[in-house]
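This is a predicted model, so every value here is computed, not measured. Because only heavy atoms are used, hydrogens play no part in the values below, and waters and symmetry mates are left out as well, while side chains stay in.
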Amino acid sequence: AMEKAILLRAKLAALPNVRVVSVERASTIVSFTLEGVAATIAATRLEDAGVLVRSIPGTEYVRASVGFWNDEHDIERLVQVVHALSTS
């Protein structure tokens, strides 16, 4: 799962208007913000696309948790939806 989280971090960091929250230690939780898109809206749009994430209350962070149950297709779908949101 850690390798998938590292891959997700890299793919999200490469998107325009997306900022991945830096961490001191590697984690399977990846938090990020989308410039101009509220975290609650982003979470709803991702959920509509079949990607379950959470907005973190009191912040503009969206949190994705990557686990053994995720495959590369899941990561690509999340990145594609975030990309569409970040450029709209």
Side-chain angles (χ1 to χ4, degrees):
M2 192 65 72
E3 299 83 24
K4 293 174 191 167
I6 291 168
L7 175 63
L8 177 59
R9 283 180 139 316
K11 287 182 173 280
L12 288 174
L15 295 177
N17 304 317
V18 175
R19 184 178 65 83
V20 177
V21 178
S22 61
V23 293
E24 290 184 21
R25 291 187 305 154
S27 170
T28 58
I29 294 174
V30 179
S31 298
F32 59 95
T33 62
L34 285 88
E35 185 178 318
V37 181
T40 53
I41 299 296
T44 299
R45 297 274 174 79
L46 283 155
E47 187 174 343
D48 290 347
V51 179
L52 187 58
V53 297
R54 296 282 180 244
S55 58
I56 301 175
T59 74
E60 282 306 314
Y61 297 151
V62 177
R63 183 193 77 195
S65 180
V66 182
F68 68 88
W69 55 87
N70 297 112
D71 61 21
E72 307 253 339
H73 177 72
D74 296 329
I75 291 170
E76 283 305 317
R77 187 173 47 201
L78 187 156
V79 171
Q80 287 173 359
V81 176
V82 170
H83 181 42
L85 286 171
S86 69
T87 56
S88 60

Hydrophobic cluster membership, Ile75 vs Ile6, 4.5 Å side-chain cutoff: no
Between Ala43 and Val53, what is the shortest heavy-atom contact and its length? CA-CG2, 3.8 Å
What donor-acceptor contacts under 3.5 angstrom involve side-chain atoms of residues 13-40, with partners at least two apart or in another chain?
residue : atom : partner : partner atom : Å
Asn17   : ND2  : Ser86   : O            : 2.7
Ser27   : OG   : Ile29   : N            : 3.0

Would Asp48 and Arg45 count as a salt bridge (charged side-chain N to carboxylate O under 4.0 Å, His left out) here? Give the steps. CA-CA 5 Å; Asp48 290 347; Arg45 297 274 174 79; 5.5 Å; no
Interatomic spacing from CD in Glu76 to NE2 in His83 - rounded to 0.5 Å: 11.5 Å
Pro57 and Ser55 have their tightest heavy-atom pair at CD-O, 3.4 Å
So, do Lys11 and Leu78 sit near enough that their side-chain heavy atoms are less than 4.5 Å apart? no
Checking Glu60 now: which residues fulfil side chain to side chain donor-acceptor pair (under 3.5 Å) with it, not counting sequence neighbours? none
Closest non-hydrogen atom pair, Arg77 against Asp74: NH2-OD1, 3.2 Å
Least distance between heavy atoms, Leu85 atom then Ala42 atom: CD1-CA, 4.0 Å
Within a 6.0 Å radius of atom CZ on Arg54, are there more than 12 heavy atoms belonging to other residues, nucleotides or ligands? no
Co-membership, hydrophobic cluster, residues Val66 and Tyr61, 4.5 Å side-chain: no
